[in-house]
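Below is one structure, written out as structure tokens, with a few remarks after it.
The basis for the numbers below is simple: all heavy atoms, side chains too, and nothing from hydrogens, waters or symmetry mates. Throughout, a chain's letter reflects where its sequence line sits, starting with A, and its residues are numbered from 1. Remember, predicted model here, so these are calculated numbers, not experimental data.
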Amino acid sequence: MEKTLIVVVGPTGIGKSAISLKLAQYLNTDIISADSRQIYRELSIGTAVPPEKDLNTVTHHFIQTISVNDYYNASMFETDVLKKLEQLFPSKNPVILTGGSMFYVDAVCNGIDDFPTVDQEIRSQLIEEFAQNGLEAIRLQLKQLDPIYYGKVDLKNPKRILHALEICLMTGKPYSSLRSGTLKERPFRIVKIGLNMERENLYKRINERVLQMVAQGLFEEARSVYHLKHLNPLNTVGYKEIFAYFDGTITRDEAIEQIQNNSRKYARKQLTWFRRDPTINWFEPQQYNEIINFLHSSNIL
RNA sequence: GGUGCCAUAGCUCAGUUGGUAGAGCAAUGGACUGAAAAUCCAUGUGUCCUUGGUUCGAUCCCGAGUGGCACCA
């Protein structure tokens, strides 16, 4: 039978984990988490890592497997997941990939072009340069090294410019010449299930979930990683707001409110990304039976 | 009961020396090829509390009403 990856996506707090768990049990398979923050072992409450009993019921991959001190990115995730699928498919089929990190999901489904891994030395040099000389300076540099990409990038977005420069400097070639713009073929079928619900209900769920996290000890968890707040993995909703509270810039209540706000914004951003993907089959979280029927009718089960 | 202050966007408020208004937050849309829960871009919103008066014209000035807050009784 054809190997299939069932991809479950949707905004934060909609209930992807619960449905994936149920599906995985029904299909007797594993779950691959596509979550750029649940992958860090120092974080759990704020990233909504599934409870112990769920992790024991179904095997989850890429949850709390690396440290916030490690460098990690979407391309590494692509490689790691493809390798993992190779191991899993002989005995498990279909396999479920679930998570809200759009870019990570995309890396697995469509692939990312092959660039050298970013040299941290070069990155910090460029960041330093940007901090000292400003956006205009790095723009000019990009204009020289890669005029084609310069004409395409969002010139107001430092991260885009910085990354293009990193690749130019490392390879000695224009970044644009390494971008193929083509999607990679995968040796398995991909079926996408998107979860969504009425906006107002989603927001209510998100707001409540944040309160639950606080009750579970989110502030204590944030305290335990406060000394690492300069690391990128800690530039995360649920932590950065509490760090601001620890720093004394906002009150505790303001921190909680901002976590709720930023979580809602994140959900909106996720929906914006997923909306443009015409291959997603949309359902509401309570339509479990419809999802099963859909999988049957798609010849997956 | 008396006196004073306030009433403008979903919220907090600014403003119009009288020509029907604007910030922040919230909300909404979009971008995205190794930092992605990151980063970046864009977009509304209104009986200016009600009602008389003055005026060519009132959200703005005057009177009354209603509601809120404060102080005095």
Inter- and intrachain pairs under salt bridge (charged side-chain N to carboxylate O under 4.0 Å, His left out), touching residues 14-26 of chain A, at least two apart: none

Of residues 187-222 of chain A, the positions that come close to RNA chain B - non-hydrogen atoms, cut-off under 4.0 Å: Arg199(A), Tyr203(A)

Modelled atom types, side-chain donor and acceptor of Asn69(A) and Ser67(A), under 3.5 Å: yes

Sole residue of Tyr239(A), Phe243(A), Tyr245(A) in ring-ring contact (aromatic ring centres under 6.0 Å, His included) with Tyr226(A): Phe243(A)

Distance, C1' atom - from G29(B) to G68(B), rounded to whole angstrom: 38 Å

Bracket string, RNA chain B, 5' to 3' - pairs by Watson-Crick or G-U geometry under 3.5 Å, | interstrand: (((((((..((((.....[..)))).(((((.......))))).....(((((..]....)))))))))))).

Within residues 160-173 of chain A or reaching into it, pairs that qualify as salt bridge (charged side-chain N to carboxylate O under 4.0 Å, His left out) - sequence neighbours excluded: Arg123(A)-Glu166(A)

Interatomic distance at P, C56(B) relative to G18(B), whole Å: 16 Å

Side-chain N,O (Arg275(A)) to OP1/OP2 (G30(B)) below 4.0 Å: yes

Listed once per pair and sorted, the ring pair (Phe, Tyr, Trp, His ring centres under 6.0 Å) pairs that draw on residues 181-215 of chain A, sequence neighbours left out: Phe89(A)-Phe188(A)

Check: residues 130-138 of chain A side-chain donor-acceptor pairs under 3.5 Å, at least two apart:
{"residue": "Gln132(A)", "atom": "NE2", "partner": "Glu128(A)", "partner atom": "OE2", "Å": "3.3"}
{"residue": "Glu136(A)", "atom": "OE1", "partner": "Arg139(A)", "partner atom": "NH1", "Å": "3.0"}

Pairs meeting criterion salt bridge (charged side-chain N to carboxylate O under 4.0 Å, His left out) with involvement of residues 194-217 of chain A, two or more places apart: none

Sequence neighbours excluded and cut-off under 3.5 Å, please list the side-chain donor-acceptor pairs for residues 99-107 of chain A, or say none.
{"residue": "Ser101(A)", "atom": "OG", "partner": "Ser36(A)", "partner atom": "N", "Å": "2.8"}
{"residue": "Ser101(A)", "atom": "OG", "partner": "Ser36(A)", "partner atom": "OG", "Å": "3.4"}
{"residue": "Asp106(A)", "atom": "OD1", "partner": "Asn110(A)", "partner atom": "ND2", "Å": "2.8"}

Test salt bridge (Lys or Arg N to Asp or Glu O under 4.0 Å) applied to Asp154(A) - qualifying residues, sequence neighbours left out: none

Span that lies between the C1' atom of U20(B) and that of A9(B), in whole angstrom: 15 Å

Strand contacts (RNA chain B) in residues 231-249 of chain A, 4.0 angstrom heavy-atom criterion: Asn232(A), Asn235(A), Thr236(A), Val237(A), Lys240(A)

Partner residues of Gln287(A) under the side-chain hydrogen bond (donor to acceptor under 3.5 Å, both in side chains) criterion, sequence neighbours left out: none

Side-chain donor/acceptor contact of Lys269(A) with base of U39(B) under 3.5 Å: yes

Under 3.5 Å, which donor-acceptor pairs do the side chains of residues 294-301 of chain A form with other protein atoms, sequence neighbours left out?
{"residue": "Ser297(A)", "atom": "OG", "partner": "Asn293(A)", "partner atom": "O", "Å": "3.3"}
{"residue": "Ser297(A)", "atom": "OG", "partner": "Phe294(A)", "partner atom": "O", "Å": "2.9"}
{"residue": "Ser298(A)", "atom": "OG", "partner": "Phe294(A)", "partner atom": "O", "Å": "2.7"}

Same-atom distance (P) from U8(B) to C13(B), integer angstrom: 9 Å

